[in-house]
*Asks:* 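Have a look at the structure that comes next, please.
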Amino acid sequence: MTRLVMKFGGSLLASPHGIRRVGDLVERVRKEGAEIVVVVSALGDVTDTLLQAATNAPGWSEREILLTIDELKRLHLSAIEDSSVEKDGKTELVGGVEASLGNLKGTLSGISILGELSPRSKDLVVSFGERLSAPIVSAEIRARGMASSCLSGGEAGIVTDNTFGEAVPISGTTARSVRKRLLPKLTRGEVPVVAGFIARSTSGETTTLGRGGSDYTATLLASSIGADEVWIWTDVDGILTADPRVVKEPATVPQLSYAEAEELAFFGAKNMHPLALGPARTGAVPVRIKNGFRPELPGTLITREQSRSRGVVKVVAFVRNVGLLTVAGETLQGRPGIAARVFSALASNRVNVLMISQSVSEANISMIVRRTSLKPAEEALRRELKNQGIVVEGDPRVAVVAAVGAGMRGERGVAAKIFEAIASRGINVRMIAQGSSELNISFVVNEADAEDAVRALHGRVVNHVRG
Ligand code: ADP
Ligand code: ASP
Ligand code: MG
């Protein structure tokens, strides 16, 4: 029997009749005889709303807390209303939403009284999105005559360390406990619904896996239970050759390797968690990205195979929320050890460096960090390098554009085509990097030029190289 993990994204769940649509998709695949574990995200933008609430709660009064609670209540009650669940079931679901929102209100009030948000309370607050959506989806599935129960990520067996906000799953323990919790349910013919993104630390606290973490939940569960495939249902036809909000009518990429998809996740395509492909790759579980509005389409299949497409570059992606950090000065020249000091100062201040490049003259080192780390990174480097004739500068208004595709390996002239396309629009390139895997060429431009750069590349490189 085919065993699938099917994950439903927030955009699909919150679309008109989204819950029924999910019910239809599960029912259809189940009728074909597959065993299914369902993973759900929070509805729509609920995680953003919760993050904002957590961040602002230290300065909030009761009234502001209630406004957020009311907004969440309205959204979930309308999803329940719109579902196929019968009347008594709806009343029960509404009771559940009210109880969860009561807990959330208590947590936000606690943060407001303390006047301070700890990483631990922040994770607890953002976990409510998936806690609220999972029971609704599970009830929809039961309403269609299938047995179903819902579990939080922790209840499903995902165990992490306690790096709140970006918790790291402990693989052996997770695999064992997921099998223990989920396999008996599948054997009984149930369709378990697991709240994505959230997990439990070894000491029992609620943790989250980081933004886009439901995709990660799905691949973790799939590799643990030996699923045949993971299907990620979303609101677009698959992985597209560029962000559809930037490029008109991008094409769907039929196939990608795990390595290519990992690069894309890292560079922000489809808001996928950067580590989500890891468990799928390790367990050799194929991943399909499919459009919930057009299930008949094949979508994108991610497997081990590294195919060459018609164009060498398969996808143009970009990341906005980054900053450029430059360390410059004559004294950098020929002084061994400065680079080491730069990176160890950043590491000890927990700044993650996403891209590095050093000019041949050695007179400067440029780095890309997340925009939220830019200020702390600048301060750390100024402290470390003071009185040495070195200037540290940070620029928050930049973006990274990346051309990704395995065909670039050993293919001459790709970089030239890329930079000609950018130059033809008069866009200034601030920094260039090429991963050693040769799966991507990425470069930094001013944020205001990023969308134009993506369009220029998409038009000239994705469709036309070797066309
Ligand atoms: P979900 O709610 O299903 O998890 P996400 O918000 O995580 O969906 O990501 C889906 C959105 O990502 C799409 O609606 C699309 O606008 C955007 N996107 C950006 N780049 C790409 C790309 N290269 N391929 C597909 N989608 C992309
Ligand atoms: N709800 C979480 C987020 O918005 C996880 C996910 O949707 O994958 O990041
Ligand atoms: Mg997502």
Side-chain angles (χ1 to χ4, degrees), residues 239-243 245-247 250 253 259-270 274 311-328 339 342-343 352-371 373-374 377 393-465:
I239 301 279
L240 308 173
T241 49
D243 188 329
R245 294 163 296 192
V246 174
V247 167
V253 182
E260 286 172 317
E262 264 165 5
E263 300 267 343
L264 284 173
F266 179 77
F267 287 109
K270 215 215 135 286
V312 169
V313 173
K314 290 188 181 169
V315 181
V316 180
F318 73 113
V319 203
R320 240 189 262 270
N321 51 354
V322 293
L324 176 66
L325 191 61
T326 313
V327 179
V342 165
F343 295 115
N352 194 3
V353 178
L354 306 177
M355 262 169 82
I356 305 166
S357 115
Q358 181 169 25
S359 63
V360 183
S361 69
E362 294 184 32
N364 79 61
I365 302 174
S366 310
M367 287 153 285
I368 288 290
V369 297
R370 283 190 219 293
R371 200 168 285 167
S373 316
L374 187 64
E393 263 181 66
D395 183 348
R397 261 167 265 294
V398 299
V400 179
V401 178
V404 177
M408 282 190 277
R409 185 172 297 172
E411 177 85 19
R412 267 177 293 146
V414 181
K417 288 209 175 69
I418 288 176
F419 294 110
E420 269 162 31
I422 299 304
S424 73
R425 301 277 180 114
I427 296 170
N428 181 27
V429 174
R430 311 262 315 257
M431 171 181 167
I432 299 175
Q434 176 170 18
S436 57
S437 63
E438 283 191 54
L439 290 177
N440 85 75
I441 293 179
S442 45
F443 57 92
V444 178
V445 294
N446 290 336
E447 191 177 16
D449 292 330
E451 296 197 355
D452 211 14
V454 170
R455 282 189 285 265
L457 271 193
H458 188 262
R460 300 269 284 261
V461 186
V462 176
N463 296 326
H464 300 299
V465 174

*Asks:* How about Glu393: does its CD atom have over 12 heavy atoms from other parts shown lying under 6.0 Å from it?
*Replies:*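 No.
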*Asks:* Please give me the minimum heavy-atom distance between Met431 and Ser357, naming the atom from each residue.
*Replies:*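 Answer, listing the atom of Met431 first, then Ser357: CE-N, 3.6 Å.
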*Asks:* As an exercise, state the distance from OG of Ser373 to CG of Asn321, rounded to the nearest 0.5 Å.
*Replies:*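 The distance works out to 10.0 Å.
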*Asks:* Looking only at heavy atoms, which two atoms of Lys314 and Thr241 are closest? And how far apart?
*Replies:*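 Looking at all heavy atoms of both residues, the shortest contact is O-CG2, 3.4 Å.
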*Asks:* Considering only heavy atoms from C-beta outward, does the side chain of Val461 approach that of Val316 to under 4.5 Å?
*Replies:*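 Val461 vs Val316: side chains apart.
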*Asks:* So how far is it from Phe443 CZ to Ile418 CD1, rounded to the nearest 0.5 Å?
*Replies:*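 Going from the CZ atom of Phe443 to the CD1 atom of Ile418 covers 7.0 Å.
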*Asks:* Report the distance from atom CE of Met367 to atom CG of Asn352, rounding to the nearest 0.5 Å.
*Replies:*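 Between Met367 CE and Asn352 CG, I get 12.5 Å after rounding to 0.5 Å.
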*Asks:* What distance separates Ile427 CD1 from Asp452 CG, expressed to the nearest 0.5 Å?
*Replies:*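 Rounded to the nearest 0.5 Å, the CD1-CG separation comes out at 4.5 Å.
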*Asks:* Measure the shortest side-chain to side-chain distance between Glu447 and Arg320 over non-hydrogen atoms and say whether it is less than 4.5 angstrom.
*Replies:*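 Answer yes - side chains close enough.
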*Asks:* Nearest 0.5 Å, please: how far is CG in Asn440 from CZ in Phe266?
*Replies:*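 Going from the CZ atom of Phe266 to the CG atom of Asn440 covers 8.5 Å.
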*Asks:* Using side-chain contact (heavy atoms from CB on, under 4.5 Å) as the criterion, list what pairs up with Arg430, not counting sequence neighbours.
*Replies:*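 Testing Arg430 for side-chain contact (heavy atoms from CB on, under 4.5 Å), a comparison that skips the adjacent residues, returns Leu324, Asp395, Val398, Asn428, Val444, Asn446.
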*Asks:* What pair of heavy atoms forms the shortest contact from Pro396 to Arg371, and how long is it?
*Replies:*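 Answer, listing the atom of Pro396 first, then Arg371: O-NE, 2.7 Å.
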*Asks:* Judged by atom type as modelled, is there a donor-acceptor pair below 3.5 Å linking the side chain of Glu260 to the main-chain atoms of Ala406?
*Replies:*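 Flag set: sc Glu260 to bb Ala406 pair under 3.5 Å.
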*Asks:* Show every salt bridge (charged side-chain N to carboxylate O under 4.0 Å, His left out) that has at least one partner inside residues 396-408, sequence neighbours left out.
*Replies:*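 Found none.
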*Asks:* For His458 versus Ala242, what's the shortest heavy-atom pair and its separation?
*Replies:*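 That would be CD2-CB, 3.7 Å.
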*Asks:* If you compare all heavy atoms of Ala453 against all heavy atoms of Val401, which two are closest, and at what distance to 0.1 Å?
*Replies:*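 Minimum heavy-atom separation between Ala453 and Val401: CB-CG2, 4.2 Å.
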*Asks:* Are Val315 and Glu263 packed together at the side-chain level, in the sense that at least one heavy-atom pair is separated by less than 4.5 angstrom?
*Replies:*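 In short, these two side chains do not touch, never coming nearer than 4.5 Å.
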*Asks:* Could you tell me whether the side chain of Val400 reaches within less than 4.5 Å of the side chain of Leu354, counting heavy atoms only?
*Replies:*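 Of all side-chain heavy-atom pairs linking Val400 with Leu354, none is under 4.5 Å.
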*Asks:* Please report the closest heavy-atom contact between Ile356 and Ala433, naming both atoms and the distance.
*Replies:*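 Looks like O-CB, 4.2 Å.
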*Asks:* So if I apply the side chain to side chain contact (heavy atoms under 4.5 Å, CB included) rule between Val313 and each of Ile441, Leu457, Val404, Val414, which one comes out positive?
*Replies:*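 That would be Val414; it is the only one of Ile441, Leu457, Val404, Val414 passing the side chain to side chain contact (heavy atoms under 4.5 Å, CB included) with Val313.
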